[in-house]
Structures are given as structure tokens and as C-alpha cells.
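Everything below concerns the one structure shown next.
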Amino acid sequence: MLIGKDGKLINRNQMAQYDSIVFYGASLRNKKVIDTYGIRDKVRYVVDSNEKLAGSYIDGYKIYEKKVLAEEEEKTLILTVLERYAEEIIEDVSQLSHCDLAFYLTGECDLEVIKKENGRVTEALNKKNYIHLFPDEKFLIPFYTMLEDHFNITEHFFIIDYDRNDLMENQYKNLEYACKKNKKNKNIMIMKDFGNLQNIVDDPNNCNDFFYTDELADFFEKAEKIILHSVAFSENFLRFIQSMINRDCGKKMIWICWGGDIYFDENSFVAKEILEKISYGSAAKYRIDNIVQKCKIIMKETNVARYAYIPHEIEMDGETISDEQRTVNILLGHYAAEDNNLEYGLDILYKFRDNGIKIYCTLSYGIEGYRDKIIKKGKQMFGDKFIPITDYMELDKYWKFLESIDVAIYPMIRFGAATTLSYLNLLGKKIYMMKDMAAISLGKGIYVEDIDKIKEQGWEEFIISDSSREEDSLERLNDTIVSYWETIL
């Protein structure tokens with residue numbers, strides 16, 4: 001996160017008001033800030049108190065003595081990762097009327113460091129507490145990363161439902177990730193059974209103090225906001241949420257609707273005892289009518305792929321199709337279930353079975369019987385050109401895999417995979433979807449085509465992307481997501 005010398009958080013939109021950016025301190029950590037906030041073109045140079053470094057370069061930027069700052073005439077934001085030298089840096093910059101100062105802090109640095117160095121940077125210690133109730137899902141890691149990059153992560157407390165019967169043990173590596181992050185931030189609990197609050201995943205890094213005391217209810221009552229990231233939780237987890245609502249915490253709860261959430265039984269206690277007693281829910285426009293028919297809840301519309309944050313460390317180097325003879329990689333579907341309509345996708349691709357293709361079919365989660373059925377049919381129709389993906393990929397490998405895809409086929413009849421679609425769109429890949437789902441994607445700014453067009457298309461028309469389409473950027477995608485969460489929080 002970026003924090004000004006007055007203790008206030010600074011976001012990317014606020015950085016746009018400055019004519020230029022200068023780094024104070026020739027640190028290798030500067031690159032993290034540049035990549036996280038996408039400011040490489042706006043950074044002009046680096047200053048350092050070590051005069052021996054003057055004239056050399058770091059990350060492509062020339063290093064100057066700090067006295068050069070007095071010559072600046074533009075409105076300049078000075079960024080530094082050297083929080084331990086806060087006193088000296090604040091004193092230097094305070095004499096420059098045209099310059100503002102911001103510190104970049106990671107989870108490795110407690111704000112107490114700056115507090116001890118300089119009494120003027122104390123307001124950030126006035127923490128709000130946000131509680132995140134999260135399923136053991138694949139979006140946990142990118143969401144947590146976004147909070148680390150753009151918010152004060154020490155204000156956020158996570159409780160993870162690790163008792164989902166529909167998931168394989170540690171499928172998404174969330175336990176490993178949470179324990180690693182918790183060593184620094186002390187803000188994650190992973191719970192196996194909310195019916196028995198003592199039954200905690202046995203790991204010394206698990207942040208479980210509240211569960212060994214009577215402070216849990218008080219912690220919820222004092223929270224600024226409580227975010228329900230889905231309601232697809234285990235039964236005991238849902239009953240725990242219900243008990244917090246009975247303590248008058250519902251007015252601070254916000255539901256972030258996921259795709260499967262809207263299919264709850266309107267007679268279940270989830271709808272009646274939880275959703276109808278919380279502050280409001282957030283969902284895409286096309287889902288809201290379905291939701292309000294089932295329960296009385298205030299809904300706010302959003303078209304943001306809210307969990308599609310992609311860390312800037314990912315380098316996009318996807319190649320385009322330039323050789324007709326090159327193998328074309330096709331991605332089919334995103335999970336194993338009837339509503340993914342994968343058989344239709346196989347049928348519509350059959351006309352290209354003799355072309356140089358590989359069909360990667362995502363079947364790493366869903367219904368086992370349907371997965372086996374699709375694998376059998378895919379192999380019968382395409383032989384070795386059909387490649388089922390049955391194991392979950394870690395995110396860094398998944399992004400790289402998507403870069404190798406040329407064409408994506410999503411014949412689903414219930415919208416999903418917004419994160420993958422957003423990234424494929426960002427890479428300029430060609431995407432086909434059912435007409436109704438294509439309309440939803442276009443509403444989210446994702447460029448797609450009607451899958452039924454393939455019936456009339458030849459090979460070249462099928463694989464070549466529309467050169468007139470408007471280009472997107474990773475920065476704009478991430479900015480949209482961060483802005484949404486700024487509004488929620």
C-alpha cells in the first residue's frame with residue numbers, strides 16, 4: 001500500500017494528478033512499486049543520499065543526488081520504500097512546496113516503524129477492521145494480493161471455510177498460502193468445522209486467538225464491515241454467520257454474489273435467515289431479478305469481474321497466429337457440469353478435427369460422472385488432439401497456460417469464468433460463447449463472438465481475431481477492480 005506522510009492511503013487514481021514521479025532511494029524494491037501501480041512511464045529518475053551512486057542507473061533510471069529535487073518545477077510525487085529512514089526523508093521533502101511524499105509499505109513492515117521514526121505519520125494506525133468470510137476457493141489468493149498491493153492489509157481479517165465437501169483437500173493451495181502470509185500479517189484463520197470452534201486446522205501459523213477466548217463476538221460487533229464472499233459455505237459456517245446476525249451484525253454484512261449463489265433454495269435458511277437480514281448484496285445486473293424473486297434483499301448492480309485481479313509480476317507474452325500450419329490451441333469450457341454444455345462445444349468443433357488443433361478441456365472441478373463422459377466423447381471424436389485438464393493449476397502456471405491459447409470456446413448456459421474471460425480478452429484471444437452469454441460478456445467489456453457463427457465459418461475465419469477491436473490493458477483491468485473494492489470498503 002501507499003501511504004502519505006499524513007498517514008492517509010494513496011490510490012492509483014490519486015497518483016494521476018502528479019506530472020511526474022521520483023523515487024527517493026536506490027532500492028531494488030522500487031520495481032515492486034512500479035509494477036504494482038503501472039507507473040513505469042511516469043517515473044523520471046531516482047535520488048539517493050549516497051553521493052557515490054550519482055550517475056549510475058537502477059531499473060533503467062538514472063540516479064541523482066537528492067539536491068536535484070530543489071530544481072523540480074513540476075508537481076511531483078516522491079515515492080520511497082525506505083520507511084526506516086522516514087524522519088530524514090520527511091524532513092528533506094517537507095522543504096519542497098511542489099513535492100508530495102508517499103511511503104510504500106508491505107506486510108513485512110508494521111506501521112509502528114514509521115510511528116517511532118516520525119510522529120506525523122500516525123493516523124494510519126487508526127485502523128478499521130474488515131472481516132472477510134471466504135470459501136476455500138481459487139480467488140482467495142488474487143484477492144488477498146490485491147488488498148496487499150492497494151489497501152492496508154493489517155485492517156483486514158480473514159476467516160476461511162475449509163470444510164467444503166465439494167473440494168479436494170488443499171486443492172487451491174490456500175492453506176499453504178494462508179500460513180505463509182499469516183507469519184507476517186497475523187490476519188487469517190482457516191476453520192474446518194464451525195460447529196466446533198476448537199476444531200482448527202493444526203498449524204502454528206494459524207491465527208486462532210479469537211477462537212480460544214470469548215472475544216470473537218465482540219470482534220464482529222466492532223468490525224467496520226463484514227464481507228460475505230459468496231454464501232456457498234458449509235452448513236456449520238452458515239450457522240455461524242446466522243449467530244452473528246442474531247447479535248445484530250447483519251446490518252454491517254455485505255454479500256458479494258458468485259455465480260452459484262443465486263441457485264439457493266428460496267425456502268432454505270440461507271435465504272431467509274441470512275440474506276434478508278444483511279445490509280445489501282452486489283451482483284451483475286442480469287442476476288439481480290433472479291435474486292430478488294427468491295428473497296427480500298437490497299441489491300446493487302455491478303459489471304466488474306470482482307476477483308479478476310492479476311498481479312503485475314505476470315508478464316504477458318502471448319503469441320499470435322501467423323502460420324496456418326502451426327498447431328492452434330483451443331480452450332473448451334471451465335469446469336465439468338451439464339450447464340457448461342461441453343458436448344455442444346465438441347460437436348461444433350468437430351468440423352476442424354483434421355486441422356492442426358489441440359483441444360484443452362478444463363475439467364479440474366465439477367461433477368465426476370460428467371467429467372468422465374466428456375473425456376470419453378472427446379477422445380472418440382478427436383483422439384490425441386483432445387487433452388483433458390483434470391488437475392488444478394496453480395495461478396502463475398494458469399496465466400502462462402492461457403497465454404498459449406489461441407481460441408476459447410465457452411458453450412456454457414450459465415455465466416461464469418469472468419476472471420479467465422477477462423484475461424483472455426486482455427491478451428487479445430478470440431472467444432466464442434452462446435449468444436445470451438456473449439451479451440453478458442460484452443456488458444462487462446469482454447469482446448466475444450456468437451458460438452453459432454462457427455457453423456458457417458471456414459478455418460481462417462475461425463482462428464483470426466478482429467483487428468479493429470479496442471485494446472485493453474492490465475492496468476485498466478486492475479484499476480477497475482480496485483475501484484470497485486474501494487467503493488465496497
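Counting from 1, the numbers follow the sequence of the chain as shown.
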Flag yes if more than 12 heavy atoms outside [X] fall under 6.0 Å of its [atom1] atom; otherwise flag no.
| X | atom1 | answer |
| --- | --- | --- |
| Q17 | CD | yes |
| K358 | NZ | no |
| K300 | NZ | no |
| E51 | CD | no |

* Please determine which of T420, L342, V448, I451 meets the side chain to side chain contact (heavy atoms under 4.5 Å, CB included) test together with Y410. =>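 Per the side chain to side chain contact (heavy atoms under 4.5 Å, CB included) rule, the option paired with Y410 is T420, out of T420, L342, V448, I451.
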salt_bridge([X], [Y]) N-O dist < 4.0 Å:
| X | Y | value |
| --- | --- | --- |
| K181 | E148 | yes |
| E72 | R44 | yes |
| K453 | E461 | no |
| D149 | K32 | yes |
| E88 | K66 | yes |

Pairing donors with acceptors under 3.5 angstrom, does anything connect the side chains of [X] and [Y]?
| X | Y | value |
| --- | --- | --- |
| S364 | D391 | no |
| D100 | Y18 | yes |
| H156 | Y144 | no |

* Criterion ring-ring contact (aromatic ring centres under 6.0 Å, His included) against F157, the qualifying member of F220, Y130, F219 ->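 Of all the options given, the one that passes is F219.
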Approximate separation, where rounding is to 0.5 Å, of [X] [atom1] and [Y] [atom2]:
| X | Y | atom1 | atom2 | answer |
| --- | --- | --- | --- | --- |
| R306 | W258 | CZ | CH2 | 9.5 Å |
| H334 | N340 | NE2 | CG | 5.0 Å |
| N329 | T327 | CG | OG1 | 7.0 Å |

* Give the C-alpha distance, both sets of side-chain angles, the deciding distance and a yes or no for ring pair (Phe, Tyr, Trp, His ring centres under 6.0 Å) between Y365 and Y335. => CA-CA 6 Å; Y365 67 103; Y335 79 116; 5.3 Å; yes
* Just do the side chain to side chain donor-acceptor pair (under 3.5 Å) check on S282 and Y484 with the steps written out, would you? => CA-CA 11 Å; S282 174; Y484 169 81; 2.7 Å; yes
* Would you indicate whether the side-chain heavy atoms of E449 and I431 approach each other to under 4.5 Å? => no
* Do K430's NZ or CZ and the ring of F462 fall within the cation-pi criteria of under 6.0 Å and 45°? -> no
* Structure fact -> Contacts of A26 meeting side chain to side chain contact (heavy atoms under 4.5 Å, CB included) (sequence neighbours excluded), chain-then-number -> V46, D48, L53, I58, I63
* Asked: Angle class for the F143/H132 ring planes (parallel below 30°, perpendicular above 60°, tilted otherwise)?
  -> perpendicular
